[in-house]
Number of protein chains: 2
Amino acid sequence: MYSIGALSRQSGVKVPTIRYYEDRGLLPEAERTAGGQRRYNADGLSRLRFIKHARDLGFSIEAITGLLQLQEHPDTSCQSAQTIALDQLTEVRLKIAQLSALERELARITDGCNGTGTTKNCYVMTSLSDHDLCAGDH
Amino acid sequence: MYSIGALSRQSGVKVPTIRYYEDRGLLPEAERTAGGQRRYNADGLSRLRFIKHARDLGFSIEAITGLLQLQEHPDTSCQSAQTIALDQLTEVRLKIAQLSALERELARITDGCNGTGTTKNCYVMTSLSDHDLCAGDH
DNA sequence: GTAATTGCTCTAGTCGCTAGAGGTTCAAGG
DNA sequence: CCTTGAACCTCTAGCGACTAGAGCAATTAC
């Protein structure tokens, strides 16, 4: 049996975050000692590791809730799980595309300024003032 | 003179967001009609457009506050402006790198699942359970 | 003159935590 | 057995950048 602190060390998830996950329903309500402290077993640890890994991959709490529900029905089709993961992949790719557009624009803007002029004529400042100076759309 | 709604239409910034920006000090306190409604002039519009453009490029409210302060001193060196923009560029590039790592991992995980099996043996699910199955770090 | 639209302030909610206050329980050492 | 100190408990509030809604006032168009 692990205390919440031990679970935290084993999983790399901070103590308040574990309580938060319980509160949000990702973790079942933990067993308690007579004094009211949470105690966990190996199942709790592996579930928490699953959650952490999914969070690290950018899944939302809601998506993880869905995945965990699937996990509790091991004999159903895994198509739903794949769908959730593919949705997440799509979102990540979209974000990368958006950020790449920003990167190009920021690089262009900062390149246009050598840092030696005054704010009034600064290419960074005028670019921000006038969207028409932008190359792509963002 | 624009009403807040007209300013919103001209700038593409929602009405409550404009009020929020005023509250946060990005926009000066607007002039008011006798009845207490906000009125804006062309200056207000261009300032708001500056803010929107910067937000679209991912600058934080704090960074924008800095840029706006620079804008009010047009004869000072533009190096500070360039620094703020370069910091933002660095952050964007970092985020892209992180997301790219996630993308690779998600693609690998979803590729390993053809959607025909059951949750129990699903590569998506086992990958999430066991971090050791991961290729890179994330 | 009246009705529809737009405006006002204020509070609370979003997401995924994080920080702190103020109090209780546990485990180890004497 | 008793004390000490670390770890635990609950609860509330805060982060960033908005967004939503209630309940009411002003403006505008006909």
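Small disclaimer: the values here were computed from a predicted structure and weren't measured. Throughout, a chain's letter reflects where its sequence line sits, starting with A, and its residues are numbered from 1.
- Salt bridge annotation for A:Arg38-A:Glu31: absent, with no cationic side-chain nitrogen under 4.0 angstrom from a carboxylate oxygen.
- To the nearest angstrom, P of C:dT9 lies 8 Å from CD of B:Glu22.
- A residue-by-residue look at A:Gly35 and B:Arg39 shows that A:Gly35 has its nearest nucleotide of DNA chain D further toward the 5' end.
- The nucleotide whose nearest atom lies closest to any side-chain atom of A:Ile4 is, among D:dT27, D:dT19, D:dC8, D:dC8.
- Atom CD1 of B:Ile61 is separated from atom P of D:dC18 by 5 Å (rounded to the nearest Å).
- Among the atoms of the strands shown, none is found under 4.0 Å from any heavy atom of B:Phe59.
- Remark: C1' of C:dG7 and CD1 of B:Ile18 are 12 Å apart, rounded to the nearest angstrom.
- Counting to the nearest Å, the C1' atom of C:dG16 and the CZ atom of A:Arg19 are 16 Å from each other.
- In this structure, the CZ atom of B:Arg38 is 14 Å from the P atom of D:dT27, given to the nearest Å.
- Atom OH of A:Tyr20 and atom P of D:dC15 are 17 Å apart (whole Å).
- Of the two residues contacting DNA chain C, namely A:Arg24 and A:Thr33, the nearest-nucleotide position lying further toward the 5' end is that of A:Arg24.
- The A:Gln37 side chain lies nearest to D:dC9 when the options are C:dC17, D:dC9, C:dA27.
- Under the 3.5 Å distance criterion, the side-chain polar atoms of A:Ser127 are left unmatched by any main-chain donor or acceptor of A:Ile109.
- Between A:Ser3 and D:dC8, a side-chain N or O to OP1/OP2 separation shorter than 4.0 Å is present.
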Legend entry - Stepwise salt bridge (charged side-chain N to carboxylate O under 4.0 Å, His left out) test for B:Arg19 and B:Glu22: CA-CA 5 Å; B:Arg19 288 195 278 249; B:Glu22 180 181 318; over 6 Å; no
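- Between A:Ala34 and A:Thr17, the residue whose closest nucleotide on DNA chain C is further toward the 5' end is A:Thr17.
- Counting only heavy atoms from C-beta on, A:Arg55 has its side chain closest to C:dC17 among C:dG7, C:dT25, C:dC17.
- Note on A:Arg47 versus A:Glu72: salt bridge recorded, some NZ/NE/NH1/NH2 to OD/OE distance being below 4.0 Å.
- Taking only side-chain nitrogens and oxygens, B:Arg32 comes nearer than 4.0 Å to OP1 or OP2 of C:dT9.
- Rounded to whole Å, the distance from NZ on A:Lys14 to P on D:dA7 is 16 Å.
- Rounded to whole Å, atom C1' of C:dT11 lies 13 Å from atom CG of B:Asp23.
- With D:dA17, D:dT10, C:dC8 as the choices, the nucleotide that has an atom nearest any side-chain atom of B:Ser60 turns out to be D:dA17.
- Transitive grouping of hydrophobic side chains (ILVMFWY, heavy atoms separated by less than 4.5 Å) brings B:Phe50 and A:Leu102 into a common cluster.
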